[in-house]
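Every chain is numbered from 1, with letters handed out A, B, ... down the list of sequences. Computed from a prediction, not measured in an experiment: that's the story for all the values here.
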Amino acid sequence: MKGFKPSGFLLALAAPVAAAVVSIIISSLAVLATHKSPIDAYKTMWEFGTTSGSLMQMLNTATPYYIAAIAIAITFRAGLFNIGVEGQLRLGAMFGAYLGAMFVLPPVIHILAIMVIAMTIGGLWAAIAGYLKVKRGVSEVISTIMLNSLAGGLSSYLLANRFMDRTTASNNMSTKEIPASGQFPDLMPLLNKLGVEDQPGGGVYGMLLFAVVLGVIFWFVINRTRFGFELRASGANPIAARVSGVNSKRMTFVALALSGAVAGLAGLPAVLGDTHAFNMGFRTGIGFSAIAVALLGRNNAVGMAISALLFGFLEVSSRSLELIDIAPETYVIMQGSILLSSVIAYEVVRRYKITLQSNELAKVAEA
Amino acid sequence: MKSKSLKALQYAALLIFVLSIIRILTGASDLTSVGTASAALLLSVPIALAGLGGLFSERSGVVNIGLEGMMIMGAWAGGMIGSKHGPWIGLFAAVCFGSVGALLHAIATITFGVDHVVSGVAINIIAAGLVRYISTIFYKSGAWLGPSQSPDVTSIGTNGIPVLSGGTYFGWKSPDVLSVLAEKHWFFISDTAAVIRGLTGDLSYVTMIAMAMIPLSVFILWKTAFGLRLRSAGEAPIAAESLGVNVYAMKYAGVLISGGLAGLGGGFLAIVAANHYQENQVAGRGYIGLAALLFGNYRPGGILMGAGLFGFADALQLRDSASIHALILLIVLILLFLVVRDFRKGKALKAALTLAFASLSLWYFLAVDELPGQLVTMTPYITTLLVMAVASQRLRMPAADGIPYRRGGMQ
Amino acid sequence: MSVAVELRHISKRFPGVLANKDVSMSVETGTVHALVGENGAGKSTVMKILYGMQRPDSGEILVNGRAVHFKNPNDAIDASIGMVHQHFMLADNFTVLENIILGSEPKKGVTIDFAAAREKIVAMAAQYGLEIDPDVLVEALGVGQRQRVEILKVLYRGARILIFDEPTAVLVPQEVDDLFNALEGLREQGMAIIFISHKLDEVLRVADDVTVVRQGSTVAEVKSKDVTARQLAELMVGSELPQPSTQGVTRRDLVALSLNDVSILTSTGGRDLISHISFNLHAGEVVGIAGVEGNGQAELVEAILGLRDYTGSISFNGSAIDHLSVAHRHDLGIGFIPEDRQRQGLMMNSPLWENRILGHQRSKPVMRGFILDKKATITDTARIMAEFDVRAPGPHTLATALSGGNQQKFIVGREISKAPALLVASHPTRGVDVGAQGAIWEELRRAREKGMAIVLISADLEELIGMSDRLLVMLRGAVTAELDPAKTTPEQLGSAMTGAA
């Protein structure tokens with residue numbers, strides 16, 4: 001009996017396909033409600049979204065989503081839920097940018113140093129939730145949400161009163177620019193060599209490659225190492241994991257802190273690759289969209305990559321809807337409906353699978 | 001029961017007493033003013049409604065992180081419908097929209113067995129996105145002035161307790177004894193009068209309705225057959241099923257009531273606490289309501305206390321940052337109390353650490369005149385975290401809370 | 001006498017669970033009718049159908065001569081059928097009264113009429129000799145009292161036909177006597193009682209008629225006075241029942257496990273969960289721990305495994321292990337068959353090969369250093385499945401799809417595979433079918449012969465007496481007696497367990 005059967009493969013596909021169909025229906029209804037044609041909407045989105053400029057932006061949108069989704073998946077796999085990625089990545093990016101601009105190091109090492117700073121800050125921030133969970137029994141769901149709000153207040157306070165670069169006159173509050181050695185090179189030169197032409201406002205964050213590497217590391221650690229197994233066991237059955245010798249409190253703490261550390265990196269693609277500083281324009285909501293990305297991607301390295309790209313595509317391509325007088329926010333409806341319908345579809349498929357296996361088992365028993 | 005209420009009264013008096021001392025010491029006169037008490041009540045109501053919503057849902061065994069999203073739906077509907085059809089219809093719409101969000105949550109968790117937290121978070125993301133989408137369309141159609149703010153809603157009337165805290169009854173304008181007392185600046189007496197006046201005077205009718213929900217919830221959940229069955233779905237669903245209780249129906253009822261109450265809380269924010277819907281108006285109050293539920297250990301009275309605490313912290317930060325500064329002194333006092341208690345119990349190390357923390361807070365209190373605004377806005381969230389850290393360990397949650405249920409006990 | 005219930009040719013197919021095929025039985029009023037069969041023979045399914053929790057695919061149910069079609073338990077309750085479940089269906093956080101009236105609450109206006117309910121319960125309790133305080137929380141009650149609540153629940157609904165599903169499984173002999181007295185009283189009041197069990201001597205004691213099911217079908221309906229336990233057993237399994245027993249003394253000199261004055265204090269300052277326990281266990285020896293559930297056995301296991309803090313000292317193969325973690329103790333060679341396999345021993349939604357790793361994630365064959373060796377794990381899982389007769393399609397089958405007996409055989413195989421020097425076996429054959437039970441006993445016997453030291457905790461007194469070299473009786477956290485199993489009857493052991501002796 002092999003684990004990879006055609007029916008298993010079809011089943012794995014069934015859920016996302018069903019979710020996509022439901023989502024398209026709901027989004028179409030939303031567009032129809034404004035007396036516009038959904039067909040036109042999808043056509044416009046596709047035409048605009050598949051231009052190479054849009055595709056580049058899609059990658060840039062998807063990169064932080066993917067990193068943040070991995071952070072969330074670490075906790076999901078451990079049976080926890082880090083909703084505080086938004087705050088962790090914000091503080092990580094801010095401290096990384098602020099401290100990273102204070103020194104100059106050789107090129108690669110400088111970037112690594114900034115990453116370590118961001119990971120440390122993100123990890124420490126999440127560790128608060130870990131500590132409260134392990135020592136005081138506070139649900140990490142509530143504490144990480146509160147820590148998000150705290151991170152928002154803290155970052156705007158620090159940026160305005162402590163970290164702001166006062167040497168340049170600008171309307172936009174910003175930290176000092178990170179020196180060139182700490183800037184992550186853009187992939188555009190590489191793409192030029194592959195025959196891709198420059199696009200207005202274009203460029204692809206170099207951290208895209210880093211995200212891919214991170215995805216591979218995530219997959220390997222979770223699926224192929226003892227640590228990964230113990231983390232998953234804690235999520236699958238915490239009591240059995242404890243009986244099997246996993247220190248469950250330590251695992252809870254480590255999973256949250258590690259998740260926070262990875263989350264700390266999720267704000268860096270734009271900081272290191274584009275703005276080279278942390279400023280008021282820092283994108284909000286990455287951490288929340290990433291929850292959807294992680295759920296849609298089943299906390300699986302490949303699945304999350306696909307869903308991060310999908311979310312990026314929807315966001316970028318929907319900007320074109322303005323042209324045909326449809327609210328670009330339609331993408332929010334698409335993302336939301338695909339999220340809810342996919343979690344339902346996955347659950348239905350899971351139940352169906354168990355029934356299927358039980359039937360198979362009955363045949364074995366009767367034979 | 002009587003001794004319980006008496007004890008609560010004693011604690012309340014003690015709190016006012018301590019606050020009076022701090023007021024004298026720091027000159028932060030807003031600590032016990034009529035305005036603060038009344039703002040605290042105004043801000044407690046939505047949190048209490050969310051907490052009650054959580055109560056119905058979790059007592060039926062469904063964890064409801066989606067309260068936040070249901071409140072957002074309610075606030076938005078309150079602003080949107082309320083500005084067109086008047087505040088009462090707006091509130092009704094808020095209840096309905098909250099329930100629609102709850103219906104989604106119920107379908108996902110009860111019918112399809114999706115993890116409750118996952119579904120709740122999905123509801124929150126969807127609710128925020130949905131209202132933004134529709135708001136944008138309204139804005140584009142010219143009905144709204146901006147994509148993030150609804151037109152104004154006319155306000156709902158207010159009233160007070162006759163003789164004590166003013167108000168108007170059948171055209172008769174009542175005297176306002178407590179206000180008079182409050183302005184005398186007598187230590188403790190005026191403070192108490194001010195707090196009571198703030199809590200009982202100029203009450204919106206909606207506030208009165210919301211407050212009536214607390215005893216009503218007790219009645220429904222603990223005195224009626226419906227309540228017993230709803231709670232049985234959260235404690236022992238399979239046992240309930242074996243006695244012919246329709247567990248699915250009970251859970252649906254719990255979640256829908258939950259959404260209605262959360263929606264009302266959202267509508268309250270838009271119509272009573274403000275006079276229009278605004279994006280981010282809910283700002284985590286659904287989550288704080290959940291924290292109030294946990295603080296209150298899944299009981300309506302406890303929820304009220306939790307909501308009051310969070311509302312008070314919220315009111316202070318909104319009204320006057322000097323008060324938050326003064327509040328540091330309160331923390332110092334509480335810490336000193338803990339030091340004495342630990343020391344008596346022979347926990348010298350713990351006492352010493354707490355003392356060090358108290359000294360640090362005191363130093364900070366003396367060194368800084370006023371807290372920066374960005375930090376003051378963090379007060380309710382810090383309060384929530386601290387309260388959860390203290391309260392989480394003695395929780396008694398419904399035995400089957402959060403566990404997906406399937407008829408016949410199947411996986 | 002008239003027929004209260006009749007089942008005619010009931011059939012039911014289920015994914016994964018043995019079907020009911022052509023089940024027929026007829027129960028007269030004023031009698032106790034036993035339904036016997038081994039675990040997994042389909043007794044529970046029959047009763048769930050009769051109680052409206054399942055619907056039959058074909059066949060008829062007649063109550064008092066009239067055909068009925070139950071859609072849910074409500075319909076069955078309306079037809080005056082009541083069920084006393086094996087796993088008590090009670091809400092711990094509810095009072096006795098709330099548990100009893102749930103679903104058929106007396107009303108006064110819109111509120112529940114608590115006073116009337118209380119009056120009725122107290123009167124009923126007196127009538128049937130089932131006295132209980134209606135206003136205490138169920139969590140404060142012992143097992144026997146909880147069963148009373150279950151019976152009262154059924155009587156409160158006016159049941160005349162009572163189904164008892166394995167009612168003695170959780171009771172000690174003295175409580176069983178109380179229960180049988182109550183059954184006698186109910187029979188005299190003209191009730192029809194269906195008594196489901198696989199304990200044949202009890203069946204012969206209490207029942208008038210016996211219906212035997214095997215592999216989902218009824219194979220015989222007999223008068224209890226006409227048969228012996230042996231004949232019933234043969235009808236039940238089609239062959240002889242396996243007997244728990246060991247032969248000879250395999251005890252070695254080496255002391256594998258030694259407890260010295262081990263206590264677990266409660267944080268609240270109440271009675272110690274276990275107090276001052278000392279004993280030595282040699283290699284090749286089985287020590288049976290007897291006791292009514294909740295008297296410290298679970299805590300003792302947790303102390304040995306390192307899952308709980310304790311005072312005193314535990315040593316393993318001569319060296320103290322008090323400061324070692326759970327993982328470290330596993331690695332030294334302590335194996336564990338948990339009491340509740342689904343909660344403590346398996347990841348239900350994971351495939352078997354991943355479950356193979358659980359508890360063994362620090363050693364070969366599943367690990368190469370820190371890296372998981374998936375291929376070797378799958379191969380070894382297949383080996384366990386073959387050697388221990390785990391019936392499932394393959395290593396990729398999810399644990400949840402297996403029957404209880406197969407899950408248990410898998411766990412036994414997993415734990416014995418690492419050849420631990422000490423095996424802590426907590427209720428190793430609970431809820432498994434006769435075949436699996438015999439197989440598990442055989443594995444334990446073999447392991448003992450090879451020199452494994454075994455701590456056996458069980459509620460099955462015959463298993464304890466048959467498998468153990470020595471018996472320790474636990475009561476309120478302390479070891480109150482040490483018995484020689486060769487000279488102990490289940491009745492004597494039961495008395496020792498309740499402190500009556």
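- Annotation: side chain of A:M146 is in contact with side chain of B:I288 (closest heavy-atom distance under 4.5 Å).
- Interatomic distance, CG of B:N124 versus CD1 of A:I145, reported as 7.5 Å (0.5 Å rounding).
- Heavy-atom minimum distance, A:A327 versus B:I137: CB-CG1, 4.3 Å.
- Atoms CD1 and CD1, from B:I125 and A:I291 in turn, are 5.0 Å apart once rounded to the nearest 0.5 Å.
- Looking at A:K133, there are no atoms closer than 4.5 Å to chain B (heavy atoms on both sides), in backbone or side chain.
- Contact between A:L132 and B:A389 at its shortest, heavy atoms only, is CD2-CB, 3.8 Å.
- Contacts between A:I344 and chain B at a heavy-atom distance below 4.5 Å involve backbone atoms as well as side-chain atoms.
- Within the 4.5 angstrom heavy-atom criterion, only backbone atoms of B:T111 (N, CA, C, O) approach chain A.
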Side chain to side chain contact (heavy atoms under 4.5 Å, CB included) between B:I65 and A:F81, intermediate numbers included: CA-CA 12 Å; B:I65 290 278; A:F81 198 164; over 6 Å; no
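- Within residues 154-162 of chain A, the residues approaching chain B closer than 4.5 Å by heavy atoms are, in numerical order, A:L154, A:S156, A:Y157, A:A160, A:N161.
- Considering every non-hydrogen atom in both A:L340 and B:A108, the closest pair reads CD1-CB, 4.5 Å.
- The choice from A:I83, A:T330, A:V348 that makes the most heavy-atom pairs within less than 4.5 Å of chain B is A:T330.
- The two residues A:I142 and B:A291 make their nearest non-hydrogen contact at CD1-N, 4.1 Å.
- Rounding to the nearest 0.5 Å places OH of A:Y346 at 15.0 Å from CG of B:D115.
- Between B:F112 and A:V343, the closest side-chain pair of non-hydrogen atoms is not below 4.5 Å.
- In this structure, the side chain of B:Y381 does not engage the main chain of A:S143 through any donor-acceptor pair within 3.5 Å.
- Proximity to chain A is limited to the side chain of B:V121, based on heavy atoms less than 4.5 angstrom apart.
- For A:Y331, the part sitting under 4.5 Å from any heavy atom of chain B is the side chain, from C-beta outward, and nothing else.
- Atoms CD1 and OG1, on A:I326 and B:T136 in that order, are 13.0 Å from each other to the nearest 0.5 Å.
- Here A:E329 does not pair with B:K140 in a salt bridge; the nearest charged N to carboxylate O distance is not below 4.0 Å.
- There is no contact between A:S341 and chain B, counting heavy-atom distances below 4.5 Å.
- No more than 12 heavy atoms of other residues, nucleotides or ligands lie within 6.0 Å of OH in B:Y139, so this atom counts as exposed by the packing criterion.
- Looking at heavy atoms from C-beta onward, B:Y133 lies in side-chain contact with A:T34 at the 4.5 angstrom threshold.
- The side-chain heavy atoms of B:L130 and A:V332, taken from C-beta on, include no pair separated by under 4.5 Å.
- For A:A345, no part lies near chain B; criterion is any non-hydrogen pair under 4.5 Å.
- Counting heavy atoms from C-beta on, the side chains of A:L147 and B:L385 come closer than 4.5 Å.
- Residue A:L150 touches chain B through both its backbone and its side chain, counting heavy-atom pairs closer than 4.5 Å.
- When the shell of 6.0 Å around OH of A:Y42 is examined, it contains more than 12 heavy atoms from other residues, nucleotides or ligands.
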